[in-house]
*Asks:* 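Take this structure, written in structure tokens, and hold onto it; I'll ask about it next.
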Amino acid sequence: MKSKITSLSDLNTLHDYDPNAISVEQARAFIRQFLTPITGQETVPLHTAWQRTLASDVISPIHVPPHDYSAMDGYAMRVVELAQAGVQLKIIGKSYAGHAFEGTVAAGECVRIMTGALIPAGCDSVVMQEHVTAAGDVITLNKNVRASQNIRRAGEDIQQGARILVHGQVIHAAEMGVLASLGLSEVQVYRKLKVAIFSTGDELQQPGTPLLAGQIYDSNRFALMGLLAGLSLEIIDLGNIRDDKAILKQAMLDAAQQADVIITSGGVSVGEADYIKQLLAEIGEVVFWKIAMKPGRPLAYGKIRTNGKIGSSHFFGLPGNPVAVMVTFQQFVRDALLILMGQQPKPTFTLQARCSSPIKKIPGRTEFQRGIVSQTANGEWTVQTTGEQGSGILSSMSKANCFIVLPVALGDVAVGTMVEVQFI
Ligand code: AMP
Ligand code: MG
């Protein structure tokens, strides 16, 4: 077996190469053409805004901080030429956080001040308490004091009128804090994307119920729920649908009525009870259904027709094998969902690592092997596979912390080869 493909005729002679399968990159590009972000918006209370997508820019209505504050516990004073070591100042009052000093401070005077307290009128510097000697109501400076020392200036974090967050930005912890610092209790976000999920297969049993002969547990739906959980969208769980063409068709139509996106698993290959692709062609359109990748082929992407027209529901018919479900979700579905939610997905973080276990691979498809990547004492990244790589070995996903991405043309990988690693 050749390990490098140099021409199309090479490809066609390769065992296991399917000329109708499209590449991973083509599949991504195909999907992208159909993705128009949702337009619906809503205003939500700030405390519920985590992971939501901003539907408009945020302009700061105030300076943050709003006034000048002390950054230290010490003494607020006026810096005149006298602010040198040895100078004595009279304490005329105190300014605590939330309790300002009302008067004005003149040269030769100072105010006891705490971190977060308002700088009294007339003062332009704060000397740390560690840098003075206090006796009664008099302090002696132990060091020279410069103007503007230890003062947090109004607007030094955020200026009033600044565009501080932008449309499409995701509200993470820092953004929640920033929005609160502006005094905003509500935020304008895109409505939640509605994602319907269901499994297919007569062999599937639900966890918590004893298995009958020939049954396996429906793991895909739960793995999918986990994959979707961090995305702040609405999951419509439609359970498991039997391998019955009429029931499946109705389930797909019902899902299309309620959801922006439908994600199913199983029933998408060419077995006698695999109806998904056929039905998608009947009630919508199939954009593609075979990708030159492992695991993950076949995968159907298309749209479902509602009210006689090709509607806005995107349909991802993921493979049945549990690892394939997780891999295809991460490679195709996740970014598609983010785009639909109004976000701009970040490129996946990858790095080059030295392979410490040999890998068997047939050229002609991209492989996503499950790997464990770590850094050696000298800072080099090394990766090994999790072992058995069958697309039904779901425990490999739980052991792995990365995918080892092996490009189409590559064949077997020898120990020591540098490979691309994608963090999960
Ligand atoms: P299929 O594409 O429907 O033929 O499924 C391929 C393989 O994945 C079969 O061995 C199925 O039993 C298995 N499978 C399908 N759906 C699930 C599921 N929800 N959970 C676990 N395994 C599944
Ligand atoms: Mg099936």
Side-chain angles (χ1 to χ4, degrees), residues 18 20-21 194-229 235-259 261-291 293-306 313-330 332-333 388-398:
D18 179 343
N20 296 317
K194 293 182 188 145
V195 179
I197 59 173
F198 62 82
S199 301
T200 68
D202 286 352
E203 76 282 27
L204 300 180
Q205 182 62 286
Q206 294 313 308
T209 322
L211 283 181
L212 304 177
Q215 290 185 324
I216 56 165
Y217 286 119
D218 174 7
S219 60
N220 289 346
R221 209 154 43 83
F222 295 87
L224 271 175
M225 286 179 202
L227 289 163
L228 293 169
I235 302 175
I236 304 167
D237 178 12
L238 300 177
N240 177 40
I241 308 296
R242 285 173 37 210
D243 290 320
D244 174 303
K245 204 171 170 186
I247 295 175
L248 202 53
K249 179 176 173 179
Q250 199 51 51
M252 289 166 78
L253 289 170
D254 289 348
Q257 290 296 341
Q258 349 173 18
V261 181
I262 302 156
I263 307 173
T264 67
S265 67
V268 79
S269 55
V270 289
E272 283 181 13
D274 293 333
Y275 301 119
I276 291 275
K277 198 190 100 227
Q278 237 174 289
L279 286 171
L280 187 58
E282 195 181 314
I283 61 173
E285 72 182 354
V286 183
V287 177
F288 62 79
W289 71 282
K290 274 196 274 187
I291 307 178
M293 70 185 282
K294 187 188 173 189
R297 187 186 55 172
L299 178 156
Y301 169 72
K303 300 201 89 182
I304 291 184
R305 197 181 299 121
T306 38
S313 280
H314 299 263
F315 185 91
F316 290 91
L318 306 187
N321 280 308
V323 180
V325 168
M326 296 195 74
V327 171
T328 51
F329 181 92
Q330 269 150 350
F332 305 105
V333 187
E388 179 54 54
Q389 293 289 315
S391 59
I393 310 291
L394 186 54
S395 58
S396 70
M397 279 302 300
S398 163

*Asks:* Hey, what do you get for NZ (Lys249) to CG (Leu279), rounding to the nearest 0.5 Å?
*Replies:*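 Those atoms lie 7.0 Å apart.
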*Asks:* I would like to know whether Val333 and Leu318 meet side chain to side chain contact (heavy atoms under 4.5 Å, CB included); could you show each step before the answer?
*Replies:* CA-CA 9 Å; Val333 187; Leu318 306 187; 3.9 Å; yes
*Asks:* Whether the side chain of Gln206 engages the backbone of Gly208 through a donor-acceptor N/O pair (distance < 3.5 Å, no angle test) should be reported.
*Replies:*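 Looks like no, no N/O pair under 3.5 Å.
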*Asks:* Ignoring hydrogens and geometry, is there a side-chain-to-backbone donor-acceptor pair from Arg305 to Glu282 under 3.5 Å?
*Replies:*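 Answer holds: yes.
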*Asks:* Quick one, Phe329 with Leu228, criterion side chain to side chain contact (heavy atoms under 4.5 Å, CB included). Give me CA distance, side-chain angles, the key distance, then yes/no.
*Replies:* CA-CA 9 Å; Phe329 181 92; Leu228 293 169; 3.6 Å; yes
*Asks:* Does the side chain of Met252 reach to within under 4.5 Å of the side chain of Ile262, using non-hydrogen atoms?
*Replies:*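 Met252 does not reach Ile262 side chain to side chain.
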*Asks:* Please name all residues satisfying salt bridge (charged side-chain N to carboxylate O under 4.0 Å, His left out) with Lys277, sequence neighbours left out, ordered by chain then number.
*Replies:*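 Residues passing salt bridge (charged side-chain N to carboxylate O under 4.0 Å, His left out) with Lys277: none at all.
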*Asks:* If we count only N and O atoms by modelled type, under 3.5 Å, do the side chains of Ser199 and Asn220 hold a donor and an acceptor together?
*Replies:* no
*Asks:* Would the distance check show the side chain of Asn321 and the main-chain N or O of Ala324 forming a donor-acceptor pair, the cut-off being under 3.5 Å?
*Replies:* no
*Asks:* Which heavy atom in Pro295 sits nearest to a heavy atom in Val323, and how many Å separate them?
*Replies:*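 Heavy atoms only, the tightest pair is CG-CG1, 3.9 Å.
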*Asks:* Would you say that Gln215 contacts Thr209 through its side chain, given a criterion of any heavy-atom pair below 4.5 Å between the two side chains?
*Replies:*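 Not touching, per the 4.5 Å side-chain cut-off.
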*Asks:* Between Asp218 (side chain) and Leu204 (backbone), is there a donor-acceptor pair under 3.5 Å?
*Replies:* no
*Asks:* Working to the nearest 0.5 angstrom, can you tell me the gap between Ser391 OG and Met397 CE?
*Replies:* 12.5 Å
*Asks:* Distance from Leu238 atom CG to Asp254 atom CG, nearest 0.5 Å?
*Replies:*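 One gets 8.0 Å once the value is rounded to the nearest 0.5 Å.
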*Asks:* Kindly compute the distance separating NZ (Lys194) from CD (Gln257), expressed to the nearest 0.5 Å.
*Replies:*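 Going from NZ on Lys194 over to CD on Gln257, the span is 11.5 Å.
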*Asks:* The criterion is ring pair (Phe, Tyr, Trp, His ring centres under 6.0 Å); which residues satisfy it with Phe316, sequence neighbours excluded?
*Replies:* Tyr301
*Asks:* Can you confirm whether Ile276 sits close enough to Asp274 that some side-chain heavy atom of one is under 4.5 Å from a side-chain heavy atom of the other?
*Replies:*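 No. Closest side-chain heavy atoms not under 4.5 Å.
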*Asks:* Measure the CD1-CD1 distance between Ile235 and Ile197 for me, rounded to the nearest 0.5 Å.
*Replies:*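 If I round to the nearest 0.5 Å, the distance is 6.0 Å.
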*Asks:* To check you understand the geometry: which heavy-atom pair defines the closest contact between Val268 and Ala300, and what is its length?
*Replies:*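 Reported closest heavy-atom pair: CG2-CB, 3.5 Å.
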*Asks:* So, applying side chain to side chain contact (heavy atoms under 4.5 Å, CB included) with Phe315, which one of Val286, Val261, Leu280, Ile263 is it?
*Replies:*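 Of all the options given, the one that passes is Leu280.
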*Asks:* Check whether any side-chain heavy atom of Leu394 lies under 4.5 Å from a side-chain heavy atom of Met326, and answer yes or no.
*Replies:* yes
*Asks:* Could you walk me through whether Tyr275 and Ile247 pass side chain to side chain contact (heavy atoms under 4.5 Å, CB included), step by step?
*Replies:* CA-CA 11 Å; Tyr275 301 119; Ile247 295 175; over 6 Å; no
*Asks:* Test Leu299 against Met293 for side chain to side chain contact (heavy atoms under 4.5 Å, CB included), laying out the working first.
*Replies:* CA-CA 10 Å; Leu299 178 156; Met293 70 185 282; 5.7 Å; no
*Asks:* Within this structure, what is the CZ-CG distance for the pair Arg221 and Asp237, rounded to the nearest 0.5 Å?
*Replies:*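 Rounded to the nearest 0.5 Å, the CZ-CG separation comes out at 4.5 Å.
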*Asks:* Between Asn240 (side chain) and Gln205 (backbone), is there a donor-acceptor pair under 3.5 Å?
*Replies:*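 Here the side-chain-to-backbone pair does not exist.
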*Asks:* Do Ser313 side-chain atoms and Ala259 backbone N/O form a donor-acceptor pair below 3.5 Å?
*Replies:* yes
